[in-house]
Every structure is written in C-alpha cells, then in structure tokens.
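Structure record follows, encoded as structure tokens.
Keep in mind that the numbers below use all heavy atoms, side chains included, and drop hydrogens, waters and symmetry copies. Letters A, B, ... are given to chains in the order of the sequence lines, protein chains preceding strands, and every chain is numbered from 1.
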Protein chains: 2
Amino acid sequence: MSGSRPFANALELLRGASLRPTRQRLALARLLFDKGDRHVTAEQLHGEAVAAAVPVSLATVYNTLHQFIGAGLLREVVVNPGRSYFDTNVSDHHHFFIEESGKLVDIPGDHIAVANVPAPPAGTAIRRVDVIIRVEREPV
Amino acid sequence: MSGSRPFANALELLRGASLRPTRQRLALARLLFDKGDRHVTAEQLHGEAVAAAVPVSLATVYNTLHQFIGAGLLREVVVNPGRSYFDTNVSDHHHFFIEESGKLVDIPGDHIAVANVPAPPAGTAIRRVDVIIRVEREPV
DNA sequence: CGGCTAGTTTAGAGCCATTCTAATCTATTG
DNA sequence: CAATAGATTAGAATGGCTCTAAACTAGCCG
Ligand SMILES: [Mn+2]
Ligand SMILES: [Mn+2]
Ligand SMILES: [Zn+2]
Ligand SMILES: [Zn+2]
C-alpha cells in the first residue's frame, strides 16, 4: 500500500518512470524532490549537482529534466523569453512571478478561479490553463 | 477632438511617443497598426518589411518594438521559451495559444474572470495578470 | 563471475533568438 | 546649410538550449 508519500526514494521514482537509476538521475531526482516544491532552472540544478560533488553535464541535466516532464514528475513554466523553469509541483496550480528576483511562488489551484472561459477556437481543445500574476516590489 | 481612432496615421503615433518619424519606424508602425490587432514575432515583422521593400535591419526591428512597448503601443506576450510575441492589442485581455501553429487568439478581458486571487507576496504589488489557455488540435 | 548490448552520459560543436558594438547615416534645429 | 543628437546598421557576441558521435555503464545472460 503506497501511503501519502508517493515515492519513498529516488530509486522507486525512477523505476516508476521506467528510467534506469543512474548515478546522475538519482542525484538529480534527490535534489529536485527531497526538499518539497521547487521551481528551478536547468542551470541552477546543474550548479547544485556540481556543488554536491555529483559530476553531471548540463546536457544530462536537460535530458533528465525532459524525461521527468515526460513521466509527469515535472512541468515546465514559461514566464520569460529565453529561460525555462522546471516545477516539481505537478498538481493544478498557478504562479506569482516576481520579476526582480526571478522567483516563482505557487498559488494553489483551488485558491483561484478562472471563470467564463470562452469556447476554444474551432477544432481545438483546452490542454492547460496557466495564470501568471506578475508582481513588482511594492512602491513605497 | 481626438475621435475613437486614436492615431489617424503613423506620423501622429510616433510624435505622441516622442520618437523621430524615420522611414523605418513609420513603415513598421504602419505594418503593425494598420491592420487591426496582431500578434507578431520580430522575425515575422522584419520579413513583412523586407517584402514591402522597406529596407530595415533586424536590430532596428527589435529596437523599434521595444520602444513601442516603452510607449505603451505594444505589449510582449511570452508563451514559449526562446521567442517573444508582440501584441498590438494593449487593452486588458488574455490569450488562447495554439501550440501546433504558434498562433495567439485574443480573449477579451471582460469575457474571462480571474477570481479569488490571493494577496501577492509581502512587499510586492500586482503589475499584470496573464492568462494563457493552451489548446491543441482536437482529437477526432 | 565476464561478456554483450541497449541505454546513458558527455565534451564540444552547433543553433537560434536576441543584444551589443562601433561605425555610418539622418532628422531636426538654428 | 552646418552642427549634432539621435537612429540605423552589419556583423560580432551572447546565452539558453540541442545535437553529435564517441565513451561509458546498467542490466542481462551464459
Ligand atoms: Mn523544453
Ligand atoms: Mn524584450
Ligand atoms: Zn509551481
Ligand atoms: Zn492579444
């Protein structure tokens, strides 16, 4: 019986995603999922891995991030041209984006309501609704 | 008395923005604002200018787009990492994004309601709310 | 255990949107 | 028209990301 913590460890998580538990993937999974919800860039994660003495190339970081997205373990958040964020929270939620610091803050999906969404263009179906609330440092 | 059409021509529009009416800026302003609401990339606009026999460099297209944004004539829409859209509709509205074709479709601001927005993080104020509804070609 | 092989990692090159640089050009003013 | 601040430009540079092709390794089999 799998309790409320879906993956006790990185090994299980990788097995569930049919990904070989290599040294690099195990380390990246731990960095991503052992500290609660995170929003990281590829470069940040690579920096953390290097700092943790896990030798891993940036190419592997990108490969792994995309494999995790494919497995539904991560999602990509686009707020800025030219750089992606990878979000370990895959539940229904939205974001505050603090432009000055480049930080994302989760807004639980049930704390926000998008109403009166019109029908999508003919021949298309809604895949996902993203709400980005851009905030700035409050003027004094 | 300025009627419902705020800018009869590109010249007026540039004067209002305190931008010298150069050949390039006049041509770009006409391409952008003479055909109703548009969502264009820099490269698209550059292509249109070249096709219209207006010699203009891509650097100038970017310079001009950013100046128009600064003047409140345009806004930038970010839906994809690695490429920006420039939106001639600066009124309050949101977007459908059709990933396959890369097309944006406006949703008037009063046709959609974002309710129960929580207070922004301490020390910050909301600057803008972006709703992106990602749609895909409907499965048969 | 020792190979075998498909899958993985990697350094480095390549790609592409965008920005920068510094030289040339031009709109504006007097 | 001359002077000059502002604009344009070609081409180089930047930066995030992807690709390539060679080296490695996890998992399997004998
Ligand atoms: Mn991606
Ligand atoms: Mn920009
Ligand atoms: Zn999130
Ligand atoms: Zn729009």
> With a cutoff of under 4.5 Å between side-chain heavy atoms, which Ile, Leu, Val, Met, Phe, Trp and Tyr residues group with A:V135?
Replying inline: A:F96, A:I98, A:V105, A:I107, A:I112, A:V114, A:V117, A:I126, A:V129, A:V131, A:I133, B:F96, B:I98, B:V105, B:I107, B:I112, B:V114, B:V117, B:I126, B:V129, B:V131, B:I133, B:V135

>> Just the rounded figure in Å: distance from P of C:dA11 to CG of A:N63.
In response: 13 Å

> Got a donor-acceptor contact below 3.5 angstrom from the A:R75 side chain to the A:S91 backbone?
Replying inline: yes

> What is the distance from CG of A:L14 to P of C:dG7, rounded to the nearest Å?
Replying inline: 16 Å

> Nearest of D:dT18, D:dT8, C:dA17 to any side-chain atom of B:Y62?
Replying inline: C:dA17

>> What contact category does B:L58 fall into here, base, sugar-phosphate, or nothing, at under 4.0 angstrom with non-hydrogen atoms?
In response: base

>> What is the distance, to the nearest angstrom, from the CZ atom on A:R23 to the P atom on D:dA26?
In response: 7 Å

>> Whole angstroms only, please: what is the CZ-C1' distance between B:R20 and D:dT8?
In response: 12 Å

> Could you give the CZ-to-P distance, from B:R15 to D:dG6, as a whole number of Å?
Replying inline: 18 Å

> Can you name the closest pair of heavy atoms from A:L14 and A:R20 and give their distance?
Replying inline: CD1-O, 4.4 Å

> Using 30° and 60° as the class limits, which term best fits the ring planes of B:H93 and B:H39: parallel, tilted or perpendicular?
Replying inline: tilted

> Roughly how many Å is it from CG in B:N80 to C1' in D:dG16, rounded to a whole number?
Replying inline: 14 Å

>> Less than 3.5 Å apart, any donor N or O on the side chain of B:E76 or B:S84 sitting next to an acceptor on the other?
In response: yes

> Would you say B:R25 reaches D:dA7's phosphate, i.e. side-chain N/O to OP1/OP2 under 4.0 Å?
Replying inline: yes

> Going by number, which of residues 38-57 of chain A have a non-hydrogen atom under 4.0 Å from DNA chain C?
Replying inline: A:P55, A:V56, A:S57

> Atom CZ of A:R83 and atom P of C:dA17: how far apart are they, to the nearest Å?
Replying inline: 18 Å

> Hey, is the side chain of B:Q24 poking within less than 4.0 Å of OP1 or OP2 on C:dT26, counting only N and O atoms?
Replying inline: no

>> As a quick check of understanding, evaluate side chain to side chain contact (heavy atoms under 4.5 Å, CB included) for A:H95 and A:D106, giving each step before the final call.
In response: CA-CA 5 Å; A:H95 295 96; A:D106 280 349; 3.1 Å; yes

>> Would you call the rings of A:F68 and A:F33 parallel, tilted or perpendicular, taking 30° and 60° as the class edges?
In response: tilted

>> Quick check on DNA chain C: between A:L19 and B:T22, whose nearest nucleotide comes earlier from the 5' end?
In response: A:L19

> Closest nucleotide of DNA chain C for B:G82 versus for B:A59: which of these residues is on the 5' side?
Replying inline: B:G82

> Quick one: is D:dC17 close enough that its OP1 or OP2 comes under 4.0 Å of any side-chain N or O from A:H66?
Replying inline: no

> Taking the side chain of A:P21 as its heavy atoms from C-beta onward, which of D:dT8, D:dA26, C:dT18 lies nearest to it?
Replying inline: D:dA26

